[in-house]
Amino acid sequence: MVQIEDIKNFEDEATWDLICSGRTKGVFQLESRLGSSWAKRAQPRSIDELADLVSIIRPGTLEAELDGKSMTKHYTDRKAKIDETKYLHPALETVLGKTYGIIVYQEQAMRIATEIAGFTPEEADSLRKAMGKKDAALMKEVEEKFINGAKAKGLVDNVSAAKIFEWIAASARYSFNKSHAVAYAINSFASAYCKTHDPIKFYTVYLNNASSKPDKQREIKELVMDAKLQGIEVLPPRLDFFYRRFTMDRARNVIYFGYSDVKNVGEGEQETLARVVKEAEGVTGKSIKEFNWLECLFLIGNEIKKNAFISIISVGGLIGKNNKLNRNRMVFEFDIWNKLTIKEQGWIIDNWKSTKMANSAFIELVNRMINNNEKINSRRITSVLDIYQALQNPPYSLEDDYVWIADIEQKLMGCSLTCSQADNLALDDVNITCKEIANGEVTKMQDAKLAVKINQVREYKLKRGQHEGEFMAFVIAEDSSGELDSITVFSEEFSQYKKLLFEGNTVLLYGEVQEKKEKSFVVKKVFQI
């Protein structure tokens, strides 16, 4: 277990490797796709550089441009030595050297005022306050003082002083407080350290706190997909591990999905369910792990709200060693059960208990009741016979196919854990998985075939080059192994296959895994599954 003292001096290389890889889901301030993307570009290896990253991915910095490029891009390109580090004036190098000639922090603006214009600390703080207030009259007053101070100091001429002040004023839109940035960076490193050195505990804690996010189900899905790429499986509820909250199993390196996060199982139903299960275990003298379908139906299904019970059935929560029925079969029989009167239900339960027909099928108990028709109201005979007929010959298939399971789990848990819609495709048609690409297990493949469900399509209009004005796309997709966020569809292919590339569609992608630092799948063809 990670202790806060373990973090020590922020020099743990494995933690920095994780941050630089962009695997930052759950890492404070860097958990968005934006944070992940810029972490890979910025490659921070110290708390100061991490503080810079936290600061430059704020909206103001991303939107502020110099020479047609955002301040964020200037920082990363200069740090990576793609561009030369430039300074508006050589005198600024001592202040801006560590941030590659970019004003990132308010404290830098204050220091420039002190060193270039001779401001006292109090006057520099007045500049910071004026920038924050965006008071034009006050800024004009401070500008005059700055230019006069620079003239008296003699390091820069009036023209340069005016340009520097204009740049400082522009930085007010985005510059951040350094002390806040460092505090954020320390928390970022701490959360990344926990993810690196105790990932199963990290994911369990974050999953159990997903409800604090605006979209709980989306948060759960993103965490589950990220955990899969780390080799940690999240398993749906089962009778063998029927837990209220997400619960980790270190020995198996898995996390069990808690029924409290299944849709329609509200707080009240969670309390009722916990109580009912305990009572049922007392009545039967055995653990819920050993329950069969009829014990679940009679002892639990009768005691909680119908939609909650159906949700638990649908995600596989009642599957166990003594209950191998299909989910659709259980939902169907539960619906039939609720068409019986309370008296009829009572007779079936009493007969089930007294005759010790513990392993009987539901249809046998209904048939037994029909054969003892004195127990059925004469006006109900036809209805009960219809019920029996429906059990004998269901009006629709009660099989559980991949698509139905994936869809219902996505709807009720936010993600499909048992399988993916793409699993419906014959394995002969697929030769690579999302996880193998994302983790760099396959670094180059010309004839790659990937079956996926599309989660997101982002279109981009090309602004230059041979295909200027055309659209290309970046796609995020998943299969049962995990999620891949680096699928590229260039303009020619996008124009040809655009109709198939939409959220929720399941497709077979033919393409190429490129040998690059950032693992990428380039699409050549798209086929509907």
Side-chain angles (χ1 to χ4, degrees), residues 235-245 247 256-266 268-342 344-369 387-388 390-391 394 398-400 404-405 408-409 412-413 417-418:
L235 301 180
R238 294 288 186 268
L239 289 178
D240 284 342
F241 24 88
F242 200 71
Y243 301 112
R244 184 168 180 173
R245 306 193 76 207
T247 303
Y256 303 120
F257 201 102
Y259 61 75
S260 64
D261 285 293
V262 175
K263 197 171 184 180
N264 298 322
V265 186
E269 289 311 294
Q270 294 165 33
E271 297 289 343
T272 302
L273 187 56
R275 173 181 57 77
V276 167
V277 168
K278 189 174 180 179
E279 290 172 355
E281 289 178 326
V283 168
T284 60
K286 58 186 181 182
S287 165
I288 191 174
K289 295 179 181 181
E290 300 172 317
F291 278 22
N292 59 38
W293 164 233
L294 293 184
E295 287 166 331
C296 293
L297 177 62
F298 298 156
L299 303 179
I300 299 174
N302 254 15
E303 304 297 326
I304 66 173
K305 289 181 179 177
K306 292 178 184 178
N307 61 350
F309 193 62
I310 290 171
S311 290
I312 291 170
I313 294 172
S314 298
V315 300
L318 299 185
I319 295 172
K321 64 181 181 180
N322 293 323
N323 181 24
K324 305 297 183 184
L325 285 184
N326 289 339
R327 305 178 200 190
N328 269 311
R329 163 66 69 177
M330 286 187 273
V331 170
F332 178 70
E333 291 193 358
F334 180 59
D335 180 57
I336 292 288
W337 172 250
N338 283 293
K339 290 179 179 178
L340 297 171
T341 66
I342 293 175
E344 291 161 356
Q345 289 179 351
W347 188 92
I348 287 177
I349 291 175
D350 289 343
N351 188 258
W352 168 68
K353 289 177 179 177
S354 64
T355 56
K356 303 192 183 302
M357 296 175 67
N359 296 313
S360 299
F362 179 47
I363 190 172
E364 292 175 27
L365 293 172
V366 174
N367 186 44
R368 194 176 184 88
M369 182 176 68
I387 286 171
Y388 180 71
L391 286 169
L398 301 181
E399 294 299 311
D400 295 343
W404 182 82
I405 291 174
I408 200 69
E409 289 187 354
L412 298 175
M413 296 190 293
L417 300 178
T418 303

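Being a predicted model, the structure only gives us computed values, none of them experimental.
No donor-acceptor distance shorter than 3.5 angstrom exists from the side chain of N367 to the backbone of Y388, with no hydrogens or angles considered. In this structure a side-chain-to-backbone donor-acceptor pair under 3.5 Å is present from E409 to T418. In terms of modelled atom types and a separation under 3.5 Å, the side chain of N328 and the main chain of E399 share a donor-acceptor contact. Formation of a donor-acceptor pair under 3.5 Å by the N323 side chain with backbone atoms of L318 is found in this model. Of the possible donor and acceptor atoms, one in the side chain of N322 sits under 3.5 Å from a partner among the backbone N and O of E290. Distance alone, capped at 3.5 Å, is enough to place a donor-acceptor pair between the R327 side chain and the S314 backbone.
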Decide yes or no on side chain to side chain contact (heavy atoms under 4.5 Å, CB included) for T341 and W347, but give the supporting numbers first. CA-CA 10 Å; T341 66; W347 188 92; over 6 Å; no
Where do W293 and R329 land on the side chain to side chain contact (heavy atoms under 4.5 Å, CB included) test, with the steps shown first? CA-CA 10 Å; W293 164 233; R329 163 66 69 177; over 6 Å; no
Apply the test side chain to side chain contact (heavy atoms under 4.5 Å, CB included) to residues I300 and I312: give CA-CA distance (whole Å), side-chain angles for both, the deciding distance (0.1 Å), then the verdict. CA-CA 11 Å; I300 299 174; I312 291 170; over 6 Å; no
Given L391 and F362, is the side chain to side chain contact (heavy atoms under 4.5 Å, CB included) satisfied, shown in steps? CA-CA 9 Å; L391 286 169; F362 179 47; 4.0 Å; yes
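The environment of K289 atom NZ is sparse: at most 12 non-hydrogen atoms of other residues, nucleotides or ligands sit within 6.0 angstrom.
Note on R368 versus E364: no salt bridge recorded, every NZ/NE/NH1/NH2 to OD/OE distance being 4.0 Å or above.
The CD1 atom of I349 lies 6.5 Å from the NZ atom of K353; values are rounded to the nearest 0.5 Å. Rounding to the nearest 0.5 Å places CG of D350 at 12.5 Å from CE of M369. Here the CG-CD distance, from L365 to Q345, works out to 12.5 Å after rounding to the nearest 0.5 Å. A distance of 8.5 Å separates CG of L239 from OG of S287, quoted to the nearest 0.5 Å. For the atom pair M413 CE and K263 NZ, the distance stands at 13.0 Å (nearest 0.5 Å). The line from CG of D240 to CG of L235 is 11.0 Å long, rounded to the nearest 0.5 Å.
In this structure the side chain of F332 never reaches within 4.5 angstrom of the side chain of L325, judged on heavy atoms. Under the 4.5 Å side-chain criterion, counting only non-hydrogen atoms from C-beta, L273 is in contact with F242. Residues F241 and T247 form no side-chain contact, since every pair of their non-hydrogen atoms from C-beta on lies 4.5 Å or further apart.
Here the closest heavy-atom approach between residue A280 and residue L299 is recorded as CB-CB, 3.9 Å. The heavy-atom pair separating P237 from F257 by the smallest distance is CG-O, 3.6 Å. Counting all heavy atoms, side chain and backbone alike, N264 lies closest to A308 at O-CB, 3.5 Å. Of all the heavy atoms in V315 and R238, the pair that sits closest is O-NH1, 3.2 Å.
Sorted pairs that involve residues 300-320 and meet salt bridge (Lys or Arg N to Asp or Glu O under 4.0 Å), not counting sequence neighbours, are lacking altogether. Note on residues 268-277: pairs passing side-chain hydrogen bond (donor to acceptor under 3.5 Å, both in side chains), not counting sequence neighbours, are R244-Q270, R244-E271, R275-E279.
The aromatic rings of W337 and F298 lie tilted to each other, with the angle between the two planes from 30° to 60°.
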